[in-house]
A.B. asks: 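What follows is a structure written as structure tokens; I'll ask about it next.
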Amino acid sequence: MQQQVIISVKDLVKNYGDFQAVKGISFDVYEGEIFGLLGPNGAGKSTTLEIIETLRQKTSGKVLVGGFDLDKEPNSIKEIIGVQLQTSGYYPGLNLIELLELFAGLYNEHIHPLEFLDKVNLRDKAKAKYKELSGGQKQRFSIATTLINKPKIIFLDEPTTGLDPQARRNLWDLVQDIRSQGTTVIITTHYMDEAEKLCDRVAIIDSGKIIALSSPDQLIDNLIAGGFERPKEVKSANLEDVFLHLTGKTLREE
Ligand code: ADP
């Protein structure tokens with residue numbers, strides 16, 4: 001099957017004064033894939049994503065999103081992407097239905113809030129305020145808000161940071177679910193097991209440059225082919241397996 005490019009980044013540069021945070025990176029994202037952007041803190045991931053999301057000015061380079069040129073049609077790009085809002089944007093006094101209606105109004109969309117809450121398994125919390133949700137529920141709600149304008153692409157910035165193992169797995173299921181409905185997902189994470197499980201391809205960024213870009217499987221095979229060998233693991237389970245075995249896989253926060 002021919003893969004369609006949905007995001008194309010060419011020679012992207014971002015300078016903050018004298019400091020070059022993004023040093024001429026190029027990559028493509030294919031339609032319908034889960035694409036991971038990995039790298040240590042300060043590598044330039046957020047800068048890159050925010051430029052693609054039209055939220056930050058680039059210094060130079062070319063960016064196409066869904067065929068639209070960032071320089072010429074940023075508003076068309078905004079219409080086809082979904083971005084997680086900063087949690088500070090959630091009015092504390094409103095419940096989840098009211099918040100969804102508010103965001104839908106901002107996008108000029110007419111939605112059925114309960115259908116959106118169903119998508120992220122939060123119908124039970126329809127009348128709860130955002131601040132009353134658990135960490136996993138907050139993340140799921142914030143993912144629901146990215147879907148309001150029926151985007152072709154959603155951007156998730158470290159959606160599982162700080163979540164317990166059950167809530168993380170639940171979020172992986174949600175992301176896979178969203179992708180299976182045809183939405184392209186760009187995600188950043190510091191959890192390599194998560195990237196390995198979720199992402200079709202990952203770009204590893206370090207100091208403003210892409211130092212690897214491939215499927216997790218291929219990157220691992222390349223490392224092994226280069227002679228790398230992990231110190232032998234004598235146990236066929238780890239502490240996370242113990243934790244999940246003892247506490248079960250069901251969510252506790254509900
Ligand atoms: P990451 O998301 O990978 O942690 P960032 O894109 O946030 O990386 O930051 C990349 C580099 O650019 C860092 O060194 C950071 O300090 C710097 N940086 C980010 N935003 C600004 C800014 N507004 N002004 C100056 N430097 C910035």
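If you're wondering where the values come from, they're calculated on a predicted model, not measured in any experiment. Both ligands and their constituent atoms are indexed starting at 1 by order of listing.
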A.B. asks: Can you sort out which atoms of ligand 1 are near P40, meaning under 4.0 Å from one of its heavy atoms?
C.D. replies: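 Ligand 1 atoms under the 4.0 Å threshold to P40: 3 (O).
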A.B. asks: Within less than 4.0 angstrom of ligand 1, does H190 place any heavy atom?
C.D. replies: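 No; H190 lies far enough from ligand 1 that no heavy-atom distance drops under 4.0 Å.
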A.B. asks: Could you tell me if Y16 and T47 have a donor-acceptor pair between their side chains, going purely by distance under 3.5 Å?
C.D. replies: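 Short answer, yes.
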A.B. asks: In terms of atom number and element, which parts of ligand 1 are under 4.0 angstrom from non-hydrogen atoms of N41?
C.D. replies: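 Heavy-atom distances to N41 below 4.0 Å select 4 (O).
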A.B. asks: Kindly state if atom 15 (C) of ligand 1 has a protein heavy atom within a strict 4.0 Å cut-off, that is, under 4.0 Å?
C.D. replies: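 So far as the 4.0 Å threshold goes, atom 15 (C) of ligand 1 is out of reach of every protein heavy atom.
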A.B. asks: Go through ligand 1 atom by atom and flag the ones less than 4.0 Å from a non-hydrogen atom of F19.
C.D. replies: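 This gives 11 (C), 12 (O), 14 (O), 17 (C) as the contact atoms.
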A.B. asks: When clusters are formed by joining ILVMFWY residues with side-chain heavy atoms under 4.5 Å apart, either directly or through shared neighbours, do I220 and V202 land in the same one?
C.D. replies: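 The answer is no; the residues belong to distinct hydrophobic clusters.
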A.B. asks: Do T183 side-chain atoms and R179 backbone N/O form a donor-acceptor pair below 3.5 Å?
C.D. replies: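 Side chain of T183 to backbone of R179, a donor-acceptor pair under 3.5 Å: no, none is there.
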A.B. asks: Determine, considering heavy atoms only, which of G42, S46, G39, A21 sits nearest to atom 13 (C) of ligand 1.
C.D. replies: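 Comparing heavy atoms across G42, S46, G39, A21, the nearest one to atom 13 (C) of ligand 1 lies in G42.
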A.B. asks: Side chain or backbone of R56 under 4.0 Å from ligand 1, or both, or neither, by non-hydrogen atoms?
C.D. replies: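 The side chain, only.
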A.B. asks: Could you tell me if the side chain of N121 sits less than 4.5 Å from the side chain of R140, heavy atoms only?
C.D. replies: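 Yes, their side chains come closer than 4.5 Å.
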A.B. asks: Counting only nitrogen or oxygen atoms and a 3.5 angstrom limit, does T47 reach ligand 1?
C.D. replies: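 Right, the criterion is met.
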A.B. asks: For residues F27 and F35, establish whether the separation of their ring centroids is below 6.0 Å.
C.D. replies: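 For F27 and F35, the ring centres are under 6.0 Å apart.
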A.B. asks: Does any donor atom in the side chain of E194 or T160 lie under 3.5 Å from an acceptor atom in the other side chain?
C.D. replies: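 Indeed, the side chains of E194 and T160 share at least one donor-acceptor pair under 3.5 Å.
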A.B. asks: For atom 19 (C) of ligand 1, what is the closest protein heavy atom, and at what distance to 0.1 Å?
C.D. replies: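 Here the nearest protein heavy atom works out to Y16 CE1, 3.4 Å.
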A.B. asks: Name the closest protein heavy atom to atom 8 (O) of ligand 1, giving the residue it belongs to and the distance to 0.1 Å.
C.D. replies: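 Here the nearest protein heavy atom works out to G44 N, 3.1 Å.
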A.B. asks: Please determine whether a side-chain nitrogen of the Lys or Arg among K150 and E109 lies less than 4.0 Å from a carboxylate oxygen of the Asp or Glu.
C.D. replies: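 Yes, charged N to carboxylate O under 4.0 Å.
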A.B. asks: Is there any N or O on A43 that sits under 3.5 Å from an N or O of ligand 1?
C.D. replies: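 Yes - when backbone and side-chain N and O of A43 are compared with those of ligand 1, one distance drops under 3.5 Å.
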A.B. asks: Just so I know, are the side chains of L96 and F141 near enough to count as touching, which here means a heavy-atom distance under 4.5 Å?
C.D. replies: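 When only atoms from C-beta onward are counted, F141 and L96 do touch, with a gap below 4.5 Å.
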